[in-house]
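Below is one structure; the comments refer to it alone.
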Amino acid sequence: MLTVSTSRAGRKAGTGWQAARRHLTHPLVFRLLSSVVVFAAWEYAGRKPISASFPSFSETLVAGWEMAADGSLGAALLITIVPLVIGVTISAIVGVIAGIVMGLDRRAEWLGVPVFIVAQAAPLSALIPLLVLAYGVGLATKVTTVCIMAMPVIVLNSFKAIRNTPTSLVEMGHSFLGTREQVIGKIILPAASPVIFAGLRLGLASGFIGVVLAELLISPTGIGDLITYHQSIAEYPKMFAAIAVVILLSVIFISLLERIEILLFRPEKRSVA
Amino acid sequence: MSAAARQVAPVDPRSAGAMVSVRSVSKVYPGGVEALNDISLDFPRGQLTTLLGPSGCGKTTLLKIVAGLLPATSGEVLVEGRTVTGPGPERAFVFQDFALMPWATVLRNVAFGLELRGTPRSEREDVAAHYIAQVGLKGFESKFPHELSGGMRQRVGLARALAVKAEVLLMDEPFSAVDEQTRRKFQEDLLQLVVNEQKTFIFVTHSIEEAVYVSNRIILLSRRPSRVMRIIEPDIPRDVSPDQIRRNTAYLDTVESIWQGLKQYLD
């Protein structure tokens with residue numbers, strides 16, 4: 001249908017064709033297209049069905065709507081978000097500061113970097129039983145899990161961001177008589193901010209993994225409870241709806257973070273957009 | 001060759017005319033790489049002196065030592081008779097890769113040297129606007145570096161160096177990252193700048209033609225560890241048009257003679 005309308009426009013007037021082309025190549029069109037492809041494949045796989053426990057996209061959507069309507073989804077989200085936000089905030093503040101200090105000071109680097117490299121490489125979910133022993137099954141354990149998952153990537157990205165400041169920019173700062181504080185504040189930190197924010201986005205995503213992991217492994221609460229409960233009574237569409245909501249929430253949080261970055265630190269990106 | 005250019009002693013006996021003096025400077029990098037070996041040179045006031053030599057010969061190292069960005073292993077650098085211990089307000093640097101802050105506008109980049117010195121905003125922006133106009137970028141004040149061409153970016157770098165009103169301009173292969181046509185225009189503008197600004201220029205390049213075209217004096221450095229091989233003062237009329245300079249016999253002979261001298265360093 002699209003081809004017909006565009007080719008007709010092309011015969012009548014070149015400008016009509018160009019306008020149609022401009023609309024069709026808009027980034028939004030491609031983004032919608034990619035979701036349509038994924039959801040269509042999901043719907044097909046659910047209807048075929050590839051497994052009795054795999055619901056179609058439409059069933060999941062309906063189940064999600066029902067859960068939103070009866071309030072169980074909102075209540076669960078609220079429980080999940082609290083430890084997530086606390087944990088990610090702590091990780092962001094401590095992690096960025098630790099990473100910056102390690103990037104600026106060799107001694108701090110030697111002291112700190114090995115710890116975080118090990119932390120990033122280790123399968124930290126294995127530590128969760130230990131956390132339960134230490135903190136019980138409450139909020140503290142969930143927050144700690146989020147921190148353990150989110151902090152290493154934030155620290156290491158901030159560290160690398162500082163270390164990779166272009167040498168010539170730092171030399172420029174020195175040659176125009178900048179003090180060490182000025183060079184750090186006006187050159188090194190702004191130059192590092194894109195990679196620091198990339199680390200924050202990765203940390204946020206890991207934080208989501210952490211909080212869901214805690215809810216699945218420690219105490220069935222929040223979204224983790226919705227997932228395990230609906231799995232146990234074979235309500236698979238609701239179980240998938242709960243999973244989908246976590247993914248959606250993670251995507252929303254991460255794009256919000258990107259907006260904040262551009263708004264606060266990237267004037268050169270703002271002027272193009 | 002003597003008709004085209006005359007050779008002079010490495011250290012001018014009339015040192016009073018020297019804005020910058022390099023005294024027995026050697027540089028050994030950590031790890032044992034010897035970049036400079038006992039270099040002594042004078043850079044006359046108000047002139048453009050070029051450091052020319054095979055690639056990797058330590059030209060940029062010497063320039064950064066003069067800038068105070070690198071410490072010399074031994075020897076000293078004097079600017080107006082005072083020993084250099086670090087960067088100073090009388091020297092400004094123009095970087096090979098421009099060294100512009102991508103998050104700052106042209107105006108802020110040009111005013112940045114003054115910003116670091118604590119000059120009030122309106123004052124430094126007035127000065128910056130003046131030099132932006134002088135390098136031909138009027139109207140681009142609120143653009144960001146990624147919106148400019150390579151040549152325009154280096155004009156920003158030049159305006160930033162001019163804005164701090166330094167006596168000595170240190171230029172590290174400033175035109176090597178711009179295209180050939182822009183480069184020629186730059187060279188012509190640079191000659192004008194030397195005449196108009198009455199500043200001392202120290203210029204690093206690996207282009208023989210560029211060196212002969214823009215320089216009052218060319219210092220030919222040998223391969224690492226660098227020594228001063230020869231000093232040449234091209235005897236070329238500067239008051240004629242660019243095309244006439246480029247076709248001038250003295251210009252062509254000097255280029256050829258430097259090329260013959262440098263050829264031995266290529267394997």
Side-chain angles (χ1 to χ4, degrees), chain A residues 27 96 100 103-104 106-107 109-110 157-158 160-201 257-273, chain B residues 60 63-71 84 86-119 124 142-148 156-157 160-166 168-174 177:
Chain A
V96 170
I100 289 172
L104 293 174
R106 292 275 166 190
R107 283 161 303 179
E109 177 196 341
W110 297 325
N157 264 274
S158 306
K160 283 178 204 151
I162 298 288
R163 268 306 144 78
N164 289 338
T165 311
T167 319
S168 71
L169 274 185
V170 176
E171 282 187 337
M172 184 275 289
H174 289 307
S175 77
F176 286 99
L177 305 178
T179 61
R180 181 165 165 78
E181 290 72 25
Q182 282 178 320
V183 171
I184 292 172
K186 289 176 189 280
I187 294 172
I188 295 178
L189 290 183
S193 76
V195 179
I196 292 179
F197 268 87
L200 286 175
R201 286 196 292 274
L257 196 61
E258 206 168 340
R259 287 281 167 85
I260 293 174
E261 180 200 353
I262 291 175
L263 199 69
L264 293 179
F265 295 99
R266 310 290 298 281
E268 81 279 14
K269 274 198 161 183
R270 222 162 44 227
S271 82
V272 187
Chain B
T60 297
L63 193 72
K64 287 190 172 168
I65 290 173
V66 172
L69 291 171
L70 275 180
V84 162
E90 73 290 343
R91 281 160 290 151
F93 206 95
V94 178
F95 291 83
Q96 182 176 10
D97 66 353
F98 322 135
L100 301 180
M101 301 177 295
W103 57 87
T105 59
V106 167
L107 187 65
R108 183 165 177 225
N109 266 299
V110 172
F112 193 65
L114 298 170
E115 181 180 336
L116 292 178
R117 270 161 226 201
T119 312
R124 68 177 188 248
S142 53
K143 296 281 183 205
F144 288 93
H146 70 91
E147 298 171 279
L148 307 179
V156 176
R160 176 177 61 198
L162 291 172
V164 295
K165 300 194 168 82
V168 183
L169 281 182
L170 307 167
M171 308 178 93
D172 181 19
E173 300 197 27

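These numbers come from a predicted model, not from an experiment. Per chain, numbering begins at 1; letters A, B, ... match sequence-line order.
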Toward chain B, the part of Pro166(A) with a non-hydrogen atom under 4.5 Å: neither
Separation between OG (Ser175(A)) and CG (Asp172(B)), nearest 0.5 Å, reads 11.0 Å
Side chain, backbone, both or neither: which part of Pro89(B) has a heavy atom under 4.5 Å from chain A? both
Please report the C-alpha distance between Phe95(B) and Glu171(A) in whole Å, then the side-chain angles of each, then the deciding distance to 0.1 Å, and finally whether the side-chain contact (heavy atoms from CB on, under 4.5 Å) criterion is met. CA-CA 9 Å; Phe95(B) 291 83; Glu171(A) 282 187 337; 3.8 Å; yes
Tell me, for Lys143(B) versus chain A, whether the close heavy atoms (under 4.5 Å) come from the side chain, the backbone, both or neither. neither
With respect to chain B, which residue among Ser168(A), Gly173(A), Gly178(A) yields the maximal number of heavy-atom pairs within a distance under 4.5 Å? Ser168(A)
Side chain, backbone, both or neither: which part of Leu170(B) has a heavy atom under 4.5 Å from chain A? neither
To the nearest 0.5 Å, atom CZ of Arg108(B) lies from atom NZ of Lys186(A) at 5.5 Å
Going from CD1 on Ile187(A) to CE on Met101(B), what distance comes out if it is rounded to the nearest 0.5 angstrom? 6.5 Å
In Å and rounded to the nearest 0.5 Å, what is the OG1 to CG distance from Thr179(A) to Leu116(B)? 7.5 Å
Stepwise side-chain contact (heavy atoms from CB on, under 4.5 Å) test for Arg160(B) and Met172(A): CA-CA 10 Å; Arg160(B) 176 177 61 198; Met172(A) 184 275 289; 3.6 Å; yes
From Leu169(A) atom CG to Asp97(B) atom CG, the distance as rounded to the nearest 0.5 Å: 7.5 Å
Quick check on Phe112(B) against chain A: is it the side chain, the backbone, both or neither that has a heavy atom closer than 4.5 Å? side chain
Would you please test Phe176(A) and Glu115(B) for side-chain contact (heavy atoms from CB on, under 4.5 Å) and show each step? CA-CA 9 Å; Phe176(A) 286 99; Glu115(B) 181 180 336; over 6 Å; no
